[in-house]
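Below, all heavy atoms of this structure are taken into account, side chains as well, without hydrogens, waters or symmetry copies. Below, chain A is the first sequence line, B the second, and so on; all start at residue 1. Quantities reported herein were computed from a predicted structural model and do not represent experimental measurements.
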There are 2 protein chains.
Amino acid sequence: MLPELKIQPLRCVLAITDQGGFHAAAKHLYRSQPAISMAVRDLEERLGQSLFEKGNGKALLTPFGQWCLPRFRELVAHHDRVSHDTQAMASHQAGRVDIAAVPSVASRLMPGILTSFVSEYPGIEISLQDGHSELVAQMVIKGEVELGITSLWQPQEALESTPLLHDEIGVVCRDDHPLAGRDHLHWRELSGYTLIRNGTSRLLVGSPAAELVRHSSLFISNMISLTAMLEAGIGITTLPRLAFQEEHARLCFVPLAEPLLVRQIGLLCRAGVSLSPAAAAMRQHVMDHLREQEEC
Amino acid sequence: MLPELKIQPLRCVLAITDQGGFHAAAKHLYRSQPAISMAVRDLEERLGQSLFEKGNGKALLTPFGQWCLPRFRELVAHHDRVSHDTQAMASHQAGRVDIAAVPSVASRLMPGILTSFVSEYPGIEISLQDGHSELVAQMVIKGEVELGITSLWQPQEALESTPLLHDEIGVVCRDDHPLAGRDHLHWRELSGYTLIRNGTSRLLVGSPAAELVRHSSLFISNMISLTAMLEAGIGITTLPRLAFQEEHARLCFVPLAEPLLVRQIGLLCRAGVSLSPAAAAMRQHVMDHLREQEEC
DNA sequence: GCAGCATGGTAAGTCTTCCTGATCATTTTA
DNA sequence: TAAAATGATCAGGAAGACTTACCATGCTGC
């Protein structure tokens, strides 16, 4: 019942009126003039009414054509808008990525990654939030964010994970601590010192060093409080190297050599659901960026 | 650069999500299932991104697809709206006609014409205004109205006229006037009576009866005033039969037989410009209506 | 007045697009 | 495990759209 109006013939009508003739329209649309004539004739047959006056050699709109013109113009404009937006979205010139990352990654890695990303894809909106590793995984699963960067704990059904880098665990203490200055440590050397647990301490679980955390009675989750404690010389703690804030002059990081503990940092996304173009671009960018950095 | 999005493939995408699958969409659109697959694939290639998840046997939108869906839906809805409105306008189910007519036609003929017209084309808006014959012609020329119904004076370049009916000129007088009751008159019989001129008196110009109006010293343009004068017995006048209001019981109309004077009532429209669908329908309706009435 | 140049319309041939019918690979259901 | 249903793929044919070439008409300038 409803005739299917194609966009091109409508564009022809607009071009004819705007350019003032069939020939001019043809040149403007990079078509031959008969193509324009035929498109118009076909459209007129579809509508059952003439759009242009016949007979006189000029291209004049009929009243019906005048009535149609603004509607056609609107529809074509709408089409072009959708086409343009869709194209931009598909080609990573627009869009939005929501990312979650563990605090260490968010503060140490993301700034560099995002700097180059925004310069490469200026149109993409980015939202970055941090949370501890389980929270990150949960947000990805629930779809609150498209990408998560966190420690890879155990493989989960609903998640697809890509390893990004290894982050070694070490001991953090004040620079006047007896252990400071060593270039590596055995876990047994820590016994006897006050160990402050933190959110990353569970990385020791399952290793010989788990013994240490069992005997620790201090737990500080907030990183700022933790560093304050360490700077005050209250005790020592274990941290992945990434989580260690180098800008604290009085603190130093000593890798744990025995057991050699690393946390695997990886990129999470929902399994089975493909990413939005913007997120896919971000994922690729993160991987490229880290691989590049590794090579340096 | 901008890909030309055709409406049908977009409709396919909507149908797939709404009907919950390619097969269901195919049935819904009266197409074969491969047609749907191919339309989607083509669209995806055009956009450079997938709209549906691949691999798992189900039709699930990708995030990009989800982003596109509402935009596609809007565009298709817009298309259908334009298509529907255009169709309605073209098939006389909607639209607008502006008409001008001389007062006699507006009050005596138009009511009957418009009654049947509005019942046949309920969607068409109508505007009717009256004015003397030259004004009607001017309004048509200026494009203020599309159609005019008036006395055909002299053919004009810018106007295309179609004769509709003949309207004979006669004498109007009070029922106790010596001339009342006659079934026709010779112009000479009027001499000696007080003749009141009116807007239609110039129809006598160029005929032997022109002599009469030259000696008349009363001119009344307003029809209500004129009839009041006639009812008061102040004098007689000449009028086309259509302009004679039969509902005035004390007035009677006597045709002028010598000279036999008629005014030609005709339909005017601008030359060289075709009518809007609604106006074309009205024009046809007016002609049909009067031809039908003539036959009765 | 007539040649030359513009307008748009028409016809035949070619190329592309779109659709169908049959068939396949995979997953879900009984 | 057989059967049914999903979507993907391929070959062939119908329909559309575009191009080249030509025609009819109206205006313009000498």
Checklist entry - Could you state the CG-C1' distance from A:L51 to C:dG8, rounded to the nearest angstrom? => result 15 Å

Item to check | Per A:P34 side chain, nearest of listed nucleotides D:dA21, C:dT7, D:dC18 | outcome: D:dA21

Checklist entry - For D:dG7, does OP1 or OP2 lie under 4.0 Å from any side-chain N or O of B:S37? => result no

Checklist entry - Rounding to a whole Å, what distance do you find between A:F22:CZ and D:dA24:P? => result 20 Å

Checklist entry - Do any N or O atoms from the side chain of B:S83 and from the backbone of A:P3 form a donor-acceptor pair under 3.5 angstrom? => result yes

Next on the checklist: Does A:Q8 contact D:dA17 through a side-chain donor or acceptor facing the base, at a distance under 3.5 Å?
Outcome noted: no

Checklist outcome for this item: Separation of D:dT19 atom P from A:L29 atom CG, nearest Å, is 11 Å

Checklist outcome for this item: Of D:dA17, C:dG8, D:dC10, the nucleotide closest to the side chain of A:D42 is D:dA17

Next on the checklist: Taking side-chain contact (heavy atoms from CB on, under 4.5 Å) as the definition, give me every residue that meets it alongside B:S151, ordered by chain and number, with sequence neighbours left out.
Outcome noted: B:S133, B:R263

Item to check | Side-chain donor/acceptor of B:H79 to backbone N/O of A:L5, under 3.5 Å | outcome: yes

Next on the checklist: Quick one: does any side-chain atom of A:H84 pair with a main-chain N or O of B:L2 as donor and acceptor, under 3.5 Å?
Outcome noted: no

Next on the checklist: Which nucleotide wins on minimum distance to the side chain of A:S32, given the candidates D:dA8, C:dC19, D:dT20?
Outcome noted: D:dT20

Checklist outcome for this item: The answer to which of B:K54 and A:M38 contacts DNA chain D further toward the 5' end, by nearest nucleotide, is B:K54

Checklist outcome for this item: In whole angstroms, the gap separating P of C:dG8 from CG of A:L61 amounts to 13 Å

Checklist entry - Once you round it to whole Å, what is the distance between P of C:dT16 and CD of B:E4? => result 18 Å

Checklist outcome for this item: To the nearest angstrom, the CD-P distance between B:Q33 and C:dC18 comes to 17 Å

Item to check | N or O in side chain of B:K6 less than 4.0 angstrom from C:dT17 OP1/OP2 | outcome: no

Next on the checklist: What's the closest nucleotide to the side chain of A:H23 if the choices are C:dG8, D:dT19, C:dC19?
Outcome noted: C:dG8

Item to check | Protein-nucleotide distance (B:F52, atom CZ; D:dT6, atom C1'), rounded to Å | outcome: 14 Å

Checklist entry - To the nearest angstrom, how far is A:I36 atom CD1 from C:dT10 atom C1'? => result 16 Å

Next on the checklist: Please determine whether a side-chain nitrogen of the Lys or Arg among B:E134 and B:R202 lies less than 4.0 Å from a carboxylate oxygen of the Asp or Glu.
Outcome noted: yes

